[in-house]
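Throughout, residue positions are numbered sequentially from 1 according to the sequence presented. In this text, all values refer to a predicted model and were calculated from it rather than measured experimentally.
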Amino acid sequence: MGVVLLDDPRSDFDGDARRRTGPSVSRRVRIAAGVAAVPVLLVVLQILAAHNGFQGPLESLWGDYAGTPKSVSVPWAGLALALVGLSWRRRLLTAGAAVAIDAVYALVRVLLGGPLTIGNGPVVALTGLALVAWLGWEGRDKRDALHAAALGALLILATKVGDVWLHITVMAGPNVLDRYVVLADHAFGEPSWLMGQALDALGPAVSAVLHWVYIELPVAAMVVAVWQLRRVVSTGVWPEHYLVRTFLVLGLVGPVVYVLFPVVGPMFAFAADGHGLQLGDYWPHAIPPRESVPGAMPFDNATPRNCMPSMHTAWATTVFLHSRRAPDGSPAPRWLRWGGAFWVLATLTATLGFGYHYGADLLAGAVLCLTVESALRAPGRGWDRARIGLVGAGIGLLAVLLLSYRFLAVWMSEHPFPAGAMALGLFAAYAWAFAATWFGRAAVTRPAPEPLSAR
């Protein structure tokens, strides 16, 4: 399924009409290898989880089928994404079946004394859809349905793998580097402290909205992805690039940095949620005293080290970028553009205001997003000089930021203005180059595909 998502399902190297032949042997091999790799990965992670005493992906998946789902929204977001590959009649039938199944599961669960929640129905319906398409459909109907079902399944499975990876960040070592990051954050004006105080002043209603936005990021991604893929059934053409591809690659690459640069965040390292291991009760009302010789600090074996980079920032920025334009380069509708802007701003506010991240984390997450997006966007363009330059510059900038946070933190705290100006200036230059390459007038775009009936 991973290859189905990452590979361009079309064949076009010279701009001519695409030949509608079956996939080449090599592509079939890659698809088969990708599909086989998914259960292998899940089994390996399940064994690791069982050996270390936490819930693994197969246990969590079993809860979606026969127990209490871990998430309410993610299964429904996965099913909604899968529906883009179906005709309207089949969409209604599949969605109706999911609602009915969910209602039955919820009723039985409550009668047995369990919690009132939902989420089983979409997973069961998605599985049934994939089986029916695989065994009973032919031609383009089958290909579109299986392609979309793979996207929906990957969205669900990615959350299972992500949960396990959070435990892996704890297993990687007992120490965290928050004492360095909080010093480096002086160069950015301690935004987490400022935003935390602002949210306290705004009251619980604003916090509730921001918390919902933060938690439901997969739903926002699903809305944008469904809009991008809404015409695949009528046109028979899948876009070269769409949001889910970037989401998946970010989820594979970003968490690796968690292990290399373990950070728990202000609300744990500098507030009462640190379970007695915090350096003091500072956040968000007082800035911690500046240290001249910082060091790694030991932390508990339960709090994930998932701050650097901020993946919520990376994913929310992806939502924003893909809400700007359609895959063919035409402007997105106003409601989607405003929605993408709201989601990224609300997510950034939440990550800082709830003490989940430092400003330094957000900057690293944004750089990671633009780097991965530069590697994936407009695959038909190939690896020209502009793409190679953007990806190389993004990797270099991310490395410079991480090394600066670790080895120049004291200098950044002592010289906040030049340090912050240099870091933000480098990011601004990189963002400008990204926008000029992919959103400027010279950016390569493709015309919207004609419906099959018009060809």
Side-chain angles (χ1 to χ4, degrees), residues 73-74 77 155 158 162 188-189 191-192 194-196 198-199 202 206-228 241-251 253-254 265 306-327 331-374 376-377 390 394 397-398 401 423-424 427-428 430-439:
S73 58
V74 170
L155 179 63
F188 307 115
S192 182
L194 295 176
M195 199 61 68
L199 288 192
L202 291 174
V206 173
S207 294
V209 172
L210 293 176
H211 183 74
W212 179 83
V213 168
Y214 187 87
I215 295 296
E216 300 301 342
L217 181 58
V219 176
M222 178 272 297
V223 171
V224 175
V226 167
W227 179 80
Q228 290 180 316
H241 179 54
Y242 44 92
L243 179 142
V244 182
R245 301 173 76 243
T246 305
F247 246 62
L248 176 65
V249 177
L250 282 172
V253 175
N306 62 336
C307 282
M308 184 68 75
S310 167
M311 291 307 299
H312 263 76
T313 297
W315 282 319
T317 304
T318 303
V319 170
F320 173 77
L321 292 175
H322 283 263
S323 68
R324 300 296 91 193
R325 293 183 182 179
R334 182 175 299 177
W335 66 266
L336 191 67
R337 286 183 277 127
W338 278 104
F342 165 77
W343 215 274
V344 70
L345 291 175
T347 299
L348 296 181
T349 302
T351 58
L352 294 172
F354 295 143
Y356 298 151
H357 288 280
Y358 305 91
D361 308 338
L362 273 61
L363 190 60
V367 171
L368 177 65
C369 168
L370 299 186
T371 304
V372 171
E373 186 67 25
S374 294
L376 298 178
R377 184 172 284 267
L390 278 174
L397 179 55
L398 181 60
L401 289 175
L424 294 176
F427 172 72
Y430 183 61
W432 178 86
F434 175 91
T437 300
W438 303 117
F439 290 90

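Ser192 contributes a side-chain N or O that, together with a main-chain N or O of Leu352, makes up a donor-acceptor pair within less than 3.5 Å. Put simply, the side chain of Arg377 never gets that close to the backbone of Val372: no donor and acceptor are under 3.5 Å apart. Side-chain atoms of His322 never come within 3.5 Å of backbone atoms of Val224 as a donor-acceptor pair (strictly under, hydrogens ignored). Without hydrogens or angle criteria, Arg324 side chain to Arg337 main chain gives a donor-acceptor distance under 3.5 Å. Distance alone, capped at 3.5 Å, places no donor-acceptor pair between the Gln228 side chain and the Pro327 backbone. In this structure a side-chain-to-backbone donor-acceptor pair under 3.5 Å is present from Ser323 to Phe320. Remark: the backbone N or O of Leu390 is paired with a side-chain donor or acceptor of Tyr430 at under 3.5 angstrom.
Counting heavy atoms from C-beta outward, Phe434 and Thr371 have side chains that stay 4.5 Å or more apart. Looking at heavy atoms from C-beta onward, Asp361 lies out of side-chain contact with Pro309 at the 4.5 angstrom threshold. Residues Leu321 and Leu370 have side chains in contact (heavy-atom distance under 4.5 Å, counting atoms from C-beta outward). Using a 4.5 Å heavy-atom cutoff, the side chains of Leu368 and Met311 are in contact. Put simply, the side chain of Phe342 reaches to within 4.5 Å of the side chain of Val213, judged on heavy atoms. Between Phe427 and Leu401 there is no side-chain heavy-atom pair separated by less than 4.5 Å. Between Ser310 and Tyr358, every side-chain heavy-atom pair lies at or beyond the 4.5 Å cut-off. No side-chain heavy atom of Trp315 sits under 4.5 Å from any side-chain heavy atom of Val319.
Listed here is the closest heavy atom pair of Phe354 and Ser207: CZ-O, 3.4 Å. Of all heavy-atom pairs between Cys369 and Thr318, the closest is SG-OG1, 3.3 Å. Ala314 and Leu250 get closest at one heavy-atom pair: O-CD1, 3.9 Å. Minimum heavy-atom separation, Arg245 to Leu376: NH1-O, 3.4 Å. Shown here for Val244 and Ala225, the closest heavy-atom pair between the two residues is CG2-CB, 3.7 Å.
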| said: For Tyr356 and Asn306: C-alpha separation, side-chain torsions, deciding distance, then whether side chain to side chain contact (heavy atoms under 4.5 Å, CB included) applies. | reply: CA-CA 9 Å; Tyr356 298 151; Asn306 62 336; over 6 Å; no
| said: Applying side chain to side chain contact (heavy atoms under 4.5 Å, CB included) to Leu348 and Met195, what does each step give before you reach the verdict? | reply: CA-CA 10 Å; Leu348 296 181; Met195 199 61 68; over 6 Å; no
| query | Run the side chain to side chain contact (heavy atoms under 4.5 Å, CB included) check on Met308 and His357 step by step: do they pass? | reply | CA-CA 8 Å; Met308 184 68 75; His357 288 280; over 6 Å; no
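Note that CD1 of Ile215 is 11.5 Å distant from CG of Leu210, once rounded to the nearest 0.5 Å. Note that the CZ atom of Phe247 and the CE atom of Met222 stand 11.5 Å from one another [nearest 0.5 Å]. Leu362 contributes atom CG, which lies 10.0 Å from atom OG1 of Thr347 (distance to the nearest 0.5 angstrom).
For Trp438 and Trp432, the distance between ring centers is not under 6.0 angstrom.
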